[in-house]
Amino acid sequence: MKKHIISLIPLLAGTTFSIPLINVDLNVGAMNHQPSGQVEYPAGSGNKLDLKDDLGLKGNTQPFARAKVELGIFGLYAQYMPMNFKGNNTITTTLNYGGTTFDANQTIDTRLKMDRYDLALILNVPFLGTLTGGLLDLEAGLNARFINFDGSVTGKTTIGSVTQTKTESAQGNVVIPMVYLGGALNFGMVSVLAEVRGISYQNSSYYDLTGELRISPFSLPGLARFYAGLGYRVEKLELKDAFDTNLNVQVSSPFLNVGVAF
């Protein structure tokens, strides 16, 4: 069974360029995603399945990339963040997912893909950096997150006297609008950054929180600044009866990155 999804969400993370009024920031890195939570499909009639205990999903390390381009106080912030999980688990009772009852005492396989593409329109708080001697930067904007989703469960099911292997899957593309807030405290070669993205509507909500410690060990005066970052990200998604599914999922993601700002 396949379900096609279309929605709306947010964006990103950055870097800084210094050609007259243009700043460009580029960075790449790796995130270790650890999922937790529950899924119920179909909503209200399927089993509430724990992503770890029932489906056996395991964490996974994936690359990511971010880019920020600013012209004066305006900017664009883009991010690519693939997120793929797989796992297997031996179930001792029957399991209802996607309208199929999977037999007890078997090993089921689960695959979940949630690749994201973020794009945000941002506005820097004018003159704040100048007034604070470069100590504080703040920005706000609107973020759109495009998610390419593909999730499946594979196992054996018995219909009458016939046992067969079956896969139940949901596939689709989701776009989610979010509010974006970002800020940085700058202490010479060391900066502390924070980003918040979120939206709440009806019975659903989606929040994405990121903190990062960034160190700039060297630069080419007037040309570029190089840095390395260590951070932690928490994403929480709660959807009620969306595309016939109830989701309550959290992903925790420590990460490392390197970048350059011009």
Side-chain angles (χ1 to χ4, degrees), residues 8-17 23-35 61-71 73-83 114-126 128-129 132 134-147 174-187 189-201 205-216 225 227-238 249-261:
L8 270 177
I9 304 189
L11 252 187
L12 314 13
T15 341
T16 322
F17 251 143
N23 295 317
V24 178
D25 189 336
L26 308 170
N27 66 70
V28 296
M31 280 189 179
N32 179 253
H33 303 293
Q34 296 293 330
T61 299
Q62 295 283 307
F64 72 95
R66 302 182 294 189
K68 183 185 290 186
V69 179
E70 298 175 339
L71 178 61
I73 63 172
F74 301 99
L76 287 175
Y77 195 176
Q79 174 176 267
Y80 168 58
M81 187 191 305
M83 192 176 290
M114 293 191 300
D115 290 348
R116 295 90 174 295
Y117 304 83
D118 283 322
L119 182 62
L121 297 174
I122 58 175
L123 174 68
N124 294 295
V125 177
L128 184 60
T132 61
L135 176 65
L136 180 62
D137 291 314
L138 291 176
E139 58 192 21
L142 296 176
N143 188 91
R145 174 166 293 171
F146 174 87
I147 298 179
V174 183
V175 183
I176 304 173
M178 300 168 92
V179 174
Y180 166 79
L181 297 173
L185 286 172
N186 306 302
F187 306 98
M189 292 192 304
V190 178
S191 297
V192 179
L193 295 84
E195 296 177 357
V196 179
R197 297 170 183 82
I199 188 172
S200 181
Y201 57 96
S205 61
Y206 193 177
Y207 297 99
D208 189 335
L209 312 175
T210 302
E212 181 181 346
L213 176 65
R214 187 172 289 183
I215 300 175
S216 303
R225 174 175 57 86
Y227 62 85
L230 171 66
Y232 195 83
R233 175 179 169 276
V234 176
E235 173 183 333
K236 185 171 179 59
L237 171 64
E238 185 172 0
V249 176
Q250 180 171 307
V251 181
S252 301
S253 308
F255 65 88
L256 295 169
N257 68 342
V258 293
V260 59

Exercise. Just say parallel, tilted or perpendicular for the rings of Phe146 and Tyr117, cut-offs at 30° and 60°.
Key: tilted
Nearest 0.5 Å please: distance from the [atom1] atom of [X] over to the [atom2] atom of [Y].
X: Ile73; Y: Asn124; atom1: CD1; atom2: CG; value: 7.5 Å
X: Glu195; Y: Glu139; atom1: CD; atom2: CD; value: 7.0 Å
X: Leu71; Y: Leu76; atom1: CG; atom2: CG; value: 9.5 Å
X: Gln34; Y: Thr61; atom1: CD; atom2: OG1; value: 7.5 Å
X: Ile122; Y: Phe74; atom1: CD1; atom2: CZ; value: 11.0 Å
X: Phe64; Y: Leu256; atom1: CZ; atom2: CG; value: 8.5 Å

Give the minimum heavy-atom separation between [X] and [Y], together with the two atoms involved.
X: Tyr206; Y: Ile147; result: OH-CD1, 4.2 Å
X: Arg233; Y: Thr210; result: CG-OG1, 3.5 Å
X: Tyr227; Y: Val260; result: CE2-N, 3.7 Å
X: Ala67; Y: Leu26; result: CB-CD2, 3.6 Å
X: Tyr180; Y: Lys68; result: OH-NZ, 4.3 Å
X: Ser191; Y: Asn186; result: OG-OD1, 2.9 Å

Quiz item: Do Asn32 side-chain atoms and Pro254 backbone N/O form a donor-acceptor pair below 3.5 Å?
Solution: no
Quiz item: Taking the side chain from Asp115 and the backbone from Met81, do they hold a donor-acceptor pair closer than 3.5 Å?
Solution: no
Do [X] and [Y] come close enough that some side-chain heavy atom pair is under 4.5 Å?
X: Met31; Y: Gln62; result: no
X: Ile199; Y: Pro177; result: yes
X: Glu212; Y: Phe255; result: yes
X: Val69; Y: Asn23; result: no
X: Val258; Y: Asn27; result: no

Quiz item: Per the side chain to side chain contact (heavy atoms under 4.5 Å, CB included) rule, which among Pro82, Ser253, Ser252 passes with His33?
Solution: Ser253
Exercise. Pick out which of Leu230, Leu193, Val190 makes a side chain to side chain contact (heavy atoms under 4.5 Å, CB included) with Arg214.
Key: Leu193
Practice problem: Could you verify whether a donor N or O on one side chain and an acceptor N or O on the other, from Glu238 and Tyr207, lie under 3.5 Å apart? | Solution: no
